[in-house]
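In what follows, every heavy atom counts, from backbone to side chain, and hydrogens, waters and symmetry copies are set aside. Convention: sequence-line order gives letters A, B, ...; per-chain numbering from 1.
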Amino acid sequence: MDVSPILDPLNEAQRQAVTAAPGATLVLAGAGSGKTRVLVHRIAWVCHVEHVSPYGVLAVTFTNKAAAEMRSRVEALLDVSSAGMWVGTFHGLSHRLLRVHWRDAELPETFQILDSEDQYRLLRRVIKGMELDEAKWPPKQVQWYINARKDEGLRAQHLMNNGDHTERQYAQIYSAYEEACERAGLVDFAELLLRTLELLRKCPDVINHYRNRFHYILVDEFQDTNALQYAWLREFCGDQVPLFAVGDDDQSIYGWRGARVENINHFMRDFPGAQFYRLEQNYRSTRTILTAANGLIEHNSARMGKSLWTRDAEGEPILLYAAYNEQDEARFVADKVIDWVRRGHRRSEVAVLYRSNAQSRVFEEVFMTQGIPYRVYGGLRFFERAEIKDTLAYLRLIANPADDPSFERVVNLPTRGIGERTMAILRAHAKDYAISLWEAAAQLAAAKELTTRAAKALTHFQSLVVQVAREVEELPLHDQVARVIERTGLKSHYGREPGEKGQTRIDNLAELVNAARGFNFNPELHGDMSCTDAFLAHAALEAGEGQGASWEDCAQLMTLHSAKGLEFPLVIIVGLEQGLFPHKMSLQELGRLEEERRLCYVGITRAREQVVLSYAETRRQYGADGYNPPSQFIGELPAELITQVRPRVQVRPPLYRGVDTCKRMTVDFGLKIGQRVAHATFGEGVVLDCEGAGSHARVQVNFESAGSKWLVLEYAKLEAL
DNA sequence: GCGACATTGTTTTTT
DNA sequence: ACAATGTCGC
């Protein structure tokens, strides 16, 4: 067997990892060091050299995108179809397992998946149903709590008797939520994993089957695994099946949602004798960029230790721009994009990275006026749109009338006279007899316990659903979807919405029919699910892109988090201000601050050719002007790599504040906020704020070298520049 | 059931 | 500031 296609494209460290002896292996793979390549080549290696069938390989990722990429690269390298191979996300693979073993997992055959929005809505219902005050038990927080517990492998029953009153109440809600899911045959995202884990633990037949089947398990982005996912992996491995894990502790940015970098350490403990490799040669960035990234990340204490290097040239210095405010910052960035394009590059090679989504707005506005095409990542995705979810809710209700959340969603959409009062009676009845809303509706309408009007409306709704269900039974999927949209009145309902909005929704519904038409039912993957169920699961597990892939050459706007795994020739990281990035919520705890620093590290290492940084001296946030000092991360980068960009001219209109100090400042000292000033010892800086009056008047000045300071005007002898 | 006003919370995101 | 809810009156 010729292994040269597998080994030739690899460097020494990669080759060692790929050809490691069978057994647990951990690869610490720095940014841009060929992590996916190692994973893919490792699969090829074990298949070709150790003669493991591709069907004996289980490869797990976090996102569908990563799974798809892995699949296609394995196919290209192995020259076989990857159809039989188990490559997928934790959730996708868990789902697949639960569909096969639904009986052992104690699920109804047609169980459906709740996405986070569905989960949130159901939780609100549950909390209301328990007659609890939403203000005291915020559904968002409860949702957070439940998911966090599930991610730790904990059920409500484990929590009922612990903690204080609050804790117990949370556990009570958790328990009621479990029951609601149970009754309606619903499974949320975390539940997919937890159910699977419990299934594997309680059914020796099942786990033995899979341990015999999978001879190799690989996992990507290992630093992002939470406790549940790690337990899931260990369960599959037992003490026989080797686990090949690839990750980078320096890119762990999801601690806030339960990811445990410590799993990297646990790996070495739980798999004694595990092999350990480091990939430190970077193929992406210039030396300047890597030196900067290394310099920054060295400020973190809890690290495995790793230092990226490259054979690449030194490259451009890192640019730093101190903007007056967020508008000035956006204008500067727009200029940079225009300049980049003028030099013969593509716009799509530029990424603007920010800490929080709200920051995208200014950039959008300025890009719009400057005529720069752009694309914002994140936001509502296709299958998350209201009109899409409404249609899917009808489909779900047809498949399973006990699906209470779907019932709630569409019972009065379009409005058919079933209001809050009727629903309250329905819910109470359903609760009393522990039946679904669907059954409750049927019973109450028959028992004449409702007003004639309400009973009629309910009967009408139910017969509509039954009728559409019958009509649709034998139709191909896309016709089913089209028929549902038509017959339920959704189409005309949205058509009535005024303006562009209604049309967009209609277009989206048409797009949904297309998506259904293009949906491949794969018996290999979907087992004996119905095509509709498979499509519904697909909608929940792969919510689709935020915006359809744009053919136009667009500048890319996204959060630092969503930039992970991507690369761009030019990366512009904006809003580098203390309190914004690192975010103020992270400043109290060292661990969280270090995570912010890793986020910055991720941002910098996305760049191939150049990094540009910027911050604003004043920024309008939550409606008020804020003054943030420059981010500490700027100071943590090696100073010699940074070139300050001087502002061109003073573009920003001066800010006036209607307080006496400002007037005095302006009149007596010739100062105003935003004014550049010079101080005898501190050098040059910018006035950020003022307070007090008369001889107590003070100004806050942000000095270039000395940082920001409060000075008493009378003594400071500031010189206006 | 819908439009007008009030209240509320604004880090990051995938599945 | 602002968007996204919730409440109230018709």
Side-chain angles (χ1 to χ4, degrees), chain A residues 60-67 88-95 113-121 124 128 134-135 138-141 144 147 150-151 187-194 196 221 224-226 228-229 232 252-259 326 353-362 377-381 383-384 386 412-422 457 493 496-498 537-546 558-565 575 579-587 592 595-596 598-600 602-603 619-626:
Chain A
V60 197
T61 63
F62 278 85
T63 65
N64 292 299
K65 203 170 142 202
T89 62
F90 280 102
H91 295 86
L93 295 167
S94 295
H95 174 244
I113 301 169
L114 287 177
D115 71 13
S116 345
E117 195 214 352
D118 300 333
Q119 183 187 37
Y120 174 78
R121 285 162 165 260
R124 284 191 64 182
K128 279 216 183 93
E134 260 193 45
K140 269 266 173 315
Q141 239 155 279
W144 188 264
N147 290 334
K150 287 193 181 186
D151 285 346
V187 170
D188 64 45
F189 287 135
E191 185 73 25
L192 285 169
L193 304 205
L194 184 50
T196 303
E221 305 276 19
D224 288 338
T225 50
N226 62 32
L228 178 53
Q229 287 154 341
W232 190 103
S252 154
I253 55 174
Y254 287 114
W256 54 274
R257 66 173 196 209
E326 72 274 17
L353 308 182
Y354 35 78
R355 175 66 234 265
S356 61
N357 280 309
Q359 287 169 258
S360 75
R361 247 182 86 147
V362 199
Y377 284 75
L380 255 203
R381 303 206 309 232
F383 284 107
E384 290 168 358
N412 203 28
L413 190 99
T415 44
R416 34 176 86 90
I418 301 164
E420 213 21 63
R421 271 200 76 78
T422 312
H493 171 75
R496 275 195 296 276
E497 242 179 75
H538 165 83
L541 289 174
E542 300 191 40
E545 282 290 309
M558 68 189 83
T559 62
L560 284 141
H561 281 92
S562 39
K564 195 170 111 181
L580 189 62
F581 187 32
H583 196 274
K584 56 178 174 299
M585 307 302 279
S586 316
L587 290 173
R592 305 191 68 183
E595 182 155 309
E596 297 281 303
R598 291 193 290 269
L599 189 57
C600 189
V602 165
R619 178 181 297 274
R620 198 153 251 272
Q621 243 182 322
Y622 306 138
D625 288 320

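- Taking side-chain N and O atoms only, A:R381 has no distance below 4.0 Å to OP1 or OP2 of B:dT13.
- A:N147 contributes no side-chain N or O that, together with a main-chain N or O of A:A190, makes up a donor-acceptor pair within less than 3.5 Å.
- Residue contacts shown for A:N412 are limited to sugar-phosphate atoms, with no base heavy atom under 4.0 Å away.
- Per the geometry, CG belonging to A:L587 stands 12 Å off C1' belonging to B:dT11, to the nearest Å.
- Aromatic stacking is marked for A:W256 over B:dT12, as both cut-offs hold: 5.5 Å for the centres and 30° for the planes.
- Distance CD/A:Q229 to CZ/A:F90: 4.5 Å, rounded to 0.5 Å.
- Within the 4.0 angstrom heavy-atom criterion, only backbone atoms of the sugar-phosphate kind lie near A:N357; the bases stay farther away.
- The OH atom of A:Y120 sits 19 Å away from the C1' atom of B:dT14 (whole-angstrom rounding).
- The closest side-chain donor-acceptor pair between A:Q359 and A:S356 falls under 3.5 angstrom.
- Among the nucleotides B:dT15, B:dT13, C:dG6, the one closest to any side-chain atom of A:N64 is B:dT15.
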Within the sub-3.5 Å range, which N or O atoms of nucleotides 2-9 of chain B have a protein N or O partner, and how far apart are they?
none

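- In this structure, A:H583 forms an aromatic stack with the base of B:dT11, since both conditions hold: centre separation below 5.5 Å and plane angle below 30°.
- Across all strands, A:F90 comes closer than 4.0 Å to no nucleic acid atom at all (heavy-atom distances).
- Side-chain atoms of A:S356 and base atoms of B:dT10 include no donor and acceptor less than 3.5 Å apart.
- Distance noted for atom P between C:dT5 and B:dT12: 16 Å (whole Å).
- With hydrogens and angles left out, the side chain of A:R257 and the base of B:dT15 share no donor-acceptor pair within 3.5 Å.
- Residue A:R421 places no side-chain N or O under 4.0 Å from the OP1 or OP2 atom of B:dG1.
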